[in-house]
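For reference, the structure discussed in these notes is given below.
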Amino acid sequence: MRLATWNVNSLNARMPRVEQWLEELQPDVVCMQETKLSDDAFPAMAFKALGYDSAHHGFNQWNGVAILSRVGIDDVVEGFPDDDEPDRDARIIWATCGGVRVVSMYVPNGRTLADEHYQYKLGWLARLQRALDAHHTPRDLLVLCGDYNIAPGDDDVWDMAQFNDSTHVSEPERSAFRSLLEWGTVDLVRARYPEDGLYTYWDYRAGCFHKRMGMRIDHLLASTALAERSGFVFIDRNARKGTKPSDHTVVMAEFDV
DNA sequence: ATGGTCGTTCTACGA
């Protein structure tokens, strides 16, 4: 199974790039974030024409997450599988594709450490952890895909000096990320590639992409059982090049399932 | 030069 995650930053704006990319890379499962669509506007028929079944969770023009699959898509859950108050945003969707429990998620940005949105982010991450604790074990074939809005280590940003008292690198966020690893997941990119300079997001401004001023904030966290079956893992920087790219690029992995 | 863009959408705001 060939699986990818991509924050597309508006599927309306990105559809030509997404369709071209699907034909070139031939993934079996794709997790998308920031579709910025309501469910009724999601182009399910266009994906069907390319061979993909899909599930989408979106309320309006903000956030929105989706899963595409050509190996089946079952047991779809939108939001968190708990009895708490529904999440205020459409940020997470779950589905079983080809025997793997796939999660597509868009973790809240946080904005600034003093912003209420930062507390929402930490609460959101804690709620994700509780969902794992309640419904899964590391022996399950499970992969948590998406835009975490967390750079887990200092090597995951181009210059730590630019991130004093910033979100994405704060200790509480990194602690939440480590909790996911300690629960029993593997950061597939970091496990395979120890070097720095590996990024998945570059601000549109100031030529950041060309100056290699990026952040590694999009991740594939595979359960230990699934990680044992992983093959190639790579960041597809080509998706950030060319005409009308998203500001995030693709992380992709292959699994022997 | 101390910013620079692009998405939502129509006026700032979020990333």
Side-chain angles (χ1 to χ4, degrees), chain A residues 5-21 30-43 46 56-66 87-93 104-125 128 145-152 156-170 172-174 176-177 198-219 235-251:
Chain A
T5 188
W6 195 2
N7 179 325
V8 296
N9 186 20
S10 169
L11 193 51
N12 271 342
R14 214 63 58 214
M15 197 60 180
R17 290 292 302 256
V18 171
E19 290 185 313
Q20 180 185 33
W21 181 88
V30 182
C31 295
M32 294 190 292
Q33 302 84 37
E34 284 209 88
T35 61
K36 297 189 175 182
L37 295 174
S38 56
D39 286 341
D40 60 359
F42 183 76
H56 179 259
H57 179 46
F59 297 142
N60 50 35
Q61 69 271 48
W62 305 115
N63 313 299
V65 285
D87 191 6
R88 68 197 207 192
D89 296 332
R91 294 183 174 276
I92 186 165
I93 188 168
S104 178
M105 57 189 203
Y106 175 43
V107 178
N109 176 288
R111 298 180 187 160
T112 67
L113 297 185
D115 198 296
E116 175 276 337
H117 203 258
Y118 178 70
Q119 295 306 317
Y120 170 53
K121 181 179 195 174
L122 296 180
W124 200 98
L125 290 163
L128 172 66
C145 313
D147 177 359
Y148 287 65
N149 274 313
I150 299 171
D156 296 315
V157 296
W158 83 92
D159 181 8
M160 268 304 288
Q162 305 294 318
F163 287 86
N164 289 325
D165 300 319
S166 295
T167 60
H168 297 66
V169 301
S170 76
E173 294 163 80
R174 286 179 166 178
F177 188 89
L198 299 175
Y199 307 132
T200 65
Y201 163 84
W202 301 260
D203 197 303
Y204 283 124
R205 292 169 289 188
C208 285
F209 179 64
H210 303 285
K211 296 177 187 170
R212 303 184 181 276
M213 295 163 59
M215 306 169 70
R216 194 175 71 91
I217 57 176
D218 301 87
H219 307 292
I235 298 172
D236 180 13
R237 293 181 79 257
N238 287 332
R240 183 63 177 78
K241 301 176 183 175
T243 306
K244 281 182 77 73
S246 171
D247 44 3
H248 295 251
T249 199
V250 172
V251 186

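We name chains A, B, ... by the order of the sequence lines, and we start the count at 1 in each one.
Counting only N and O atoms by type, the side chains of A:Y120 and A:N109 include no donor and acceptor under 3.5 Å apart.
Atom CD of A:Q162 is separated from atom P of B:dT2 by 16 Å (rounded to the nearest Å). One atom, CG of A:L11, and another, C1' of B:dG7, lie 13 Å apart when rounded to the nearest Å. One atom, CG of A:N7, and another, P of B:dG7, lie 13 Å apart when rounded to the nearest Å.
For the ring pair (Phe, Tyr, Trp, His ring centres under 6.0 Å) test, residues two or more places apart in sequence or in another chain that qualify with A:Y148 are A:F177, A:H219. Remark: A:E34 pairs with no residue by the salt bridge (Lys or Arg N to Asp or Glu O under 4.0 Å) rule, at least two apart or across chains.
The gap from the C1' atom of B:dA15 to that of B:dG4 amounts to 15 Å, rounded to the nearest Å. The same atom, P, is picked in B:dG7 and in B:dG3; the two are 23 Å apart, to the nearest Å.
Put simply, the side chain of A:Y106 never gets that close to the backbone of A:A90: no donor and acceptor are under 3.5 Å apart. A donor-acceptor distance shorter than 3.5 angstrom exists from the side chain of A:S104 to the backbone of A:A66, with no hydrogens or angles considered.
For the pair A:R240 and A:F209, the distance from NZ or CZ to the six-membered ring centre is under 6.0 Å and the angle to the ring normal is within 45 degrees.
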Could you run down the sub-3.5 Å N/O contacts of the protein with nucleotides 12-15 of chain B?
{"from": "B:dA15", "atom 1": "OP2", "to": "A:R111", "atom 2": "NE", "distance (Å)": "2.9"}

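Candidate nucleotides B:dT8, B:dG7, B:dG4 were compared by shortest atom distance to the side chain of A:A206, and B:dG4 ranks first.
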